[in-house]
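Working notes, beginning with the structure itself.
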Amino acid sequence: MSDMTAHAGREIFEILVREHADMLTAYLRSLVWSQSSVDDLFQETMLVAWRRLDDYDRALPFGPWLRGIAQRLVMDHHRRGRVRPTTVDPGVLSELDRRYEDLARAPGDTFRARAERILDCLKRLPDHMRDAVEMVYARGMLMAAVARALDATEEAIKKRVQRARQMLAECVGGGESPP
Amino acid sequence: MSDTAAREHDADPATPDELFAHGLLSLVHADAASSERRIARALRAIEREDRPLAFFTRFRSLAAAAAVLIVGLTAAVFMYSTEQSAQAIVRASLRAVHAAGERRFQAHRQRVEGGPPILAAIIDARDSLVLFRFFAPRRQVERYAGRDAEGSWGLDADGRIDRTGDPFAMLPGWTGRGDGSFFTDAPEAVEAELERSYRLERLAPEPHPDRPGVACHRIAAIKTRARAGLYAGRIDLWIDPESQLPERIEFSDFPSGENRTAGRPPPPIRVIIDRVDADPFPDDWFNAARWGKP
């Protein structure tokens, strides 16, 4: 392979990396809780994609192929005890992938623009739910700290955030407004 | 969200909806710098990978055309990708140009296919202020026009500032016609016009014209409204994927004959506009008074 060819290949792959970076980051966040694991898995997924690019069916979208690699890596690391995935249930993983695929087809110029619809949905959550979600995700507060701040039990806050995430997903996926 | 906070969710039952929302919430609340660091780290790791790729080596026998073929294959990849459309890239570029502050473009024209590009104009812009300096080397003529705080202006043959008529009417015929001119507005207006009167097609990425190692988004705009829009029938854009700024805008397929009837020379076959680096412009750079007599 000529240097020019390899160089052009890397340039093109760099564009693919940049275009799918947000999607892959969000997907990995769905699969593992730890941010540092997300960073490592992001790099590893892109490396594997680069090494296996000749296996990629060009007639298919790049995003699902990338998610497939990411999912296999997470499960592999889980078997080796290196990461703690959010789920190992094949049915849940399949449904999760479908939600990302649905989002990729939704109106919007980029994945990030589509993902940011969740911020509009967040505004429409009941106050007690929105406050809890913002404290956890925007301010990185521990559940116990959120519980103290909102004068609730930690268990109640966990349930509140859990229910809020459910409602937000329904809102993003189906365009339904939270009550 | 911190690792510590994140780990607290371990005990939560994981439904697809919850995990989906968790991924999106984490993404939209993360700082942009962390995303760029992640990408840079992955690209450095890829750069360290020094192995030939079968995906690309399958074109080994076509060494001279290999890069072109790869680019073609990637066009197929992008055709199926819904991540970023030609319109989206152009819109992002338009926003980037508006946010770029001061910028300079150089325009070269090519009279005949294969002929040397000749410097035709330097276009400077700062927000809505614009300065056009056109050159006609064979006639040793420079023409000035622009837009300052008072509005559009041009210099007449005696170098006096004229704000009464269409200052751009004095510019070379190939710069525009009627209500459609790509030099009567700043370069960003060109991109806005692209969306209105042209069909935008995303092509395979190409190397940056001046910075080896940087691939550019490539957009081709094919005119769809014969009597509207800009003068050129086809406009090609090279857009930096990082800065989103148009690095090169190439105009071609000009209608022939119309300027001959006006007694002007025929249009060039191609006009190439490149973004170039420039020192900060002086404060009065865009004022008509700097260039002409009252």
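A, B, ... follow the sequence lines: proteins, then strands. Residue 1 opens every chain.
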Problem - Heavy-atom proximity to chain A below 4.5 Å, by part of B:L25 - result: both

Problem - Cationic N near anionic O, under 4.0 Å, A:E155 to A:K158 - result: no

Exercise for the section: With a 4.5 angstrom heavy-atom cut-off, could you sort out which part of A:V146 is near chain B: side chain, backbone, both or neither? Expected result: neither

Handout entry: Side chain, backbone, both or neither of A:D40 within contact of chain B (heavy atoms, under 4.5 Å)
Key = both

Problem - Exam field: side chain A:T45 to backbone A:L41, donor-acceptor pair closer than 3.5 Å - result: yes

Practice task
Give a yes or no on whether the backbone of A:M129 and the side-chain of A:R160 come within a donor-acceptor separation of less than 3.5 Å.
Solution key: no

Practice task
Determine the option with the most heavy-atom pairs under 4.5 angstrom with chain B, choosing from A:L31, A:V92, A:V17.
Solution key: A:V92

Exercise for the section: Could you tell me which non-hydrogen atom of A:R124 sits nearest to which non-hydrogen atom of A:C171, and how far apart they are? Expected result: NH2-SG, 3.6 Å

